[in-house]
Undergrad: 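One structure coming up, written as structure tokens, with questions to follow.
Chain letters run A, B, ... following the sequence lines, proteins first, then strands; residues in each count from 1. Since the model is a prediction, treat every value here as computed from it, not as a measurement.
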Number of protein chains: 2
Amino acid sequence: MESPLASFVKNKRKLLNLTQPDLASKAGVGLRFIRELEQGKTTLRLDKVNQVLQLFGHEIAPVLNKKNNADV
Amino acid sequence: MESPLASFVKNKRKLLNLTQPDLASKAGVGLRFIRELEQGKTTLRLDKVNQVLQLFGHEIAPVLNKKNNADV
DNA sequence: AATTTTTATACCTTATAGGGTATAATTTTA
DNA sequence: TAAAATTATACCCTATAAGGTATAAAAATT
């Protein structure tokens, strides 16, 4: 499964020439977490994801959905 | 603790005149989850948060951080 | 193409997220 | 201001996220 979040992290990491272990230790999360994140696992914890995104000057936030159905 | 995500959900819910139980059942998550979400708990699961945001036509995504430090 | 580096997969363990429920507190409405 | 409705807090339980480690596979380097 390819998720936007997964691609985002993988790309940013590559841009900085970091390995997964590099990123893991910089972010203070486990190596396995980075792998699951980059592979699009959906059941990740918000705070851990943010720990990683922070390294890239980003954070998780609600944004408008493409396939919209804002019709509760 | 007041988080942007928490406020977002609370506001959207209010706009639609839903109670927390309403939102919980519409989103297919537990009532407790909605409460923790609206109270700014940070260790929530990404997929559950998305289940809720979807009702508002939104989803979680990485956005630029205010307090930036994109200097790995 | 052989070696090294990086990434992926699989297993075990521990801490806890999330569901449920019951009760208390707060807010709303009559 | 009582009564009703909504939200908050606290408990128990189960499933699993996340860490670690070991090995396999794949990519990159020489």
Side-chain angles (χ1 to χ4, degrees), chain A residues 1-65 67 69-72, chain B residues 1-65 67 69-72:
Chain A
M1 276 235 67
E2 199 45 6
S3 91
L5 179 57
S7 317
F8 179 85
V9 171
K10 206 182 306 189
N11 291 335
K12 283 288 186 181
R13 176 173 66 79
K14 289 293 176 68
L15 281 175
L16 296 164
N17 275 294
L18 299 175
T19 65
Q20 288 175 343
D22 288 343
L23 183 55
S25 64
K26 289 221 179 211
V29 302
L31 174 54
R32 243 204 32 206
F33 180 84
I34 296 293
R35 289 180 175 152
E36 291 174 336
L37 174 54
E38 292 196 357
Q39 283 167 26
K41 186 175 180 182
T42 60
T43 56
L44 302 170
R45 259 172 50 181
L46 213 59
D47 62 330
K48 297 285 170 184
V49 175
N50 272 325
Q51 262 177 263
V52 176
L53 293 186
Q54 212 162 11
L55 291 180
F56 307 136
H58 282 66
E59 65 186 339
I60 241 42
V63 301
L64 263 165
N65 207 329
K67 297 111 179 285
N69 67 314
D71 37 26
V72 181
Chain B
M1 277 235 69
E2 199 45 5
S3 92
L5 179 58
S7 315
F8 179 86
V9 171
K10 207 183 305 191
N11 290 336
K12 282 290 185 181
R13 177 174 65 78
K14 288 293 176 67
L15 281 174
L16 295 163
N17 275 294
L18 299 175
T19 66
Q20 289 174 343
D22 288 342
L23 183 54
S25 65
K26 286 220 182 212
V29 302
L31 174 54
R32 241 204 32 206
F33 180 84
I34 296 293
R35 288 179 175 153
E36 291 174 335
L37 173 54
E38 292 196 357
Q39 283 166 25
K41 186 175 181 182
T42 61
T43 56
L44 301 170
R45 260 173 48 184
L46 214 59
D47 61 331
K48 297 284 171 184
V49 175
N50 272 325
Q51 261 177 264
V52 175
L53 293 186
Q54 212 160 12
L55 291 181
F56 306 136
H58 283 66
E59 65 187 338
I60 240 44
V63 301
L64 262 165
N65 206 330
K67 297 112 179 284
N69 67 316
D71 38 25
V72 182

Undergrad: Rounded to the nearest 0.5 Å, what's the gap from NE2 on B/His58 to CG on B/Leu5? Could you check?
TA: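 Atom-to-atom, B/His58:NE2 and B/Leu5:CG are 11.0 Å apart.
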
Undergrad: Please confirm whether the backbone N or O of A/Thr19 pairs with a side-chain atom of A/Asp22, one donor and one acceptor, at under 3.5 Å?
TA: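 Yes, A/Asp22 side chain to A/Thr19 backbone: donor-acceptor pair under 3.5 Å.
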
Undergrad: Taking N or O atoms only and anything under 3.5 Å, show me the protein contacts with nucleotides 15-17 of chain C, one pair per line.
TA:
| from | atom 1 | to | atom 2 | distance (Å) |
| --- | --- | --- | --- | --- |
| C/dA17 | OP1 | B/Thr43 | OG1 | 3.3 |
| C/dA17 | OP2 | B/Lys41 | NZ | 3.2 |
| C/dA17 | O5' | B/Thr43 | OG1 | 3.4 |

Undergrad: Please write out each protein N/O paired with an N/O of nucleotides 5-8 of chain D under 3.5 Å, distance rounded to 0.1 Å.
TA:
| from | atom 1 | to | atom 2 | distance (Å) |
| --- | --- | --- | --- | --- |
| D/dT7 | OP1 | B/Arg13 | NH1 | 2.7 |
| D/dT7 | OP1 | B/Arg13 | NH2 | 3.2 |
| D/dT7 | OP2 | B/Gln20 | N | 2.8 |
| D/dA8 | OP2 | B/Gln20 | NE2 | 2.7 |
| D/dA8 | N7 | B/Arg35 | NH1 | 3.2 |
| D/dA8 | N6 | B/Arg35 | NH1 | 3.4 |

Undergrad: Once you round it to whole Å, what is the distance between P of D/dA17 and CG of A/Leu37?
TA: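 That distance rounds to 14 Å.
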
Undergrad: What is the separation between atom CD1 on A/Ile34 and atom P on C/dT6, rounded to the nearest whole Å?
TA: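 A/Ile34 atom CD1 is separated from C/dT6 atom P by 15 Å.
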
Undergrad: Please state how far atom CG in B/Asp47 lies from atom P in D/dA17, giving the value in whole angstrom units.
TA: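 Distance, rounded to whole Å: 8 Å.
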
Undergrad: Are A/Arg45 and B/Leu44 close enough that some pair of their side-chain heavy atoms sits under 4.5 Å apart?
TA: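 Answer no - side chains too far apart.
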
Undergrad: With the side chain counted from C-beta on, respond yes when A/Leu23 and A/Phe56 share a heavy-atom pair under 4.5 Å apart, and no when they do not.
TA: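 A/Leu23 reaches A/Phe56 side chain to side chain.
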
Undergrad: If you look at every heavy atom in A/Ala6 and A/Gly40, which pair is closest and at what distance?
TA: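 Scanning both residues completely, I find the closest heavy atoms to be CB-N, 3.7 Å.
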
Undergrad: Using whole Å, what does the distance between atom P of nucleotide C/dT5 and atom CG of A/Asn17 come to?
TA: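 After rounding, the gap between these two atoms is 16 Å.
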
Undergrad: Going by salt bridge (charged side-chain N to carboxylate O under 4.0 Å, His left out), A/Glu38 matches just one of A/Arg13, A/Lys12, A/Arg32. Which one?
TA: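 Option passing the salt bridge (charged side-chain N to carboxylate O under 4.0 Å, His left out) with A/Glu38: A/Arg13.
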
Undergrad: Check for a donor-acceptor pair, side chain of A/Gln51 on one end and backbone N or O of A/Ala27 on the other, with a separation under 3.5 Å.
TA: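 Checking the backbone N and O of A/Ala27 against the side chain of A/Gln51, a donor-acceptor pair under 3.5 Å is found.
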
Undergrad: So, for B/Asn65 and A/Gln54, which heavy atoms are closest and what is the spacing to 0.1 Å?
TA: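 Answer, listing the atom of B/Asn65 first, then A/Gln54: ND2-CG, 4.5 Å.
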
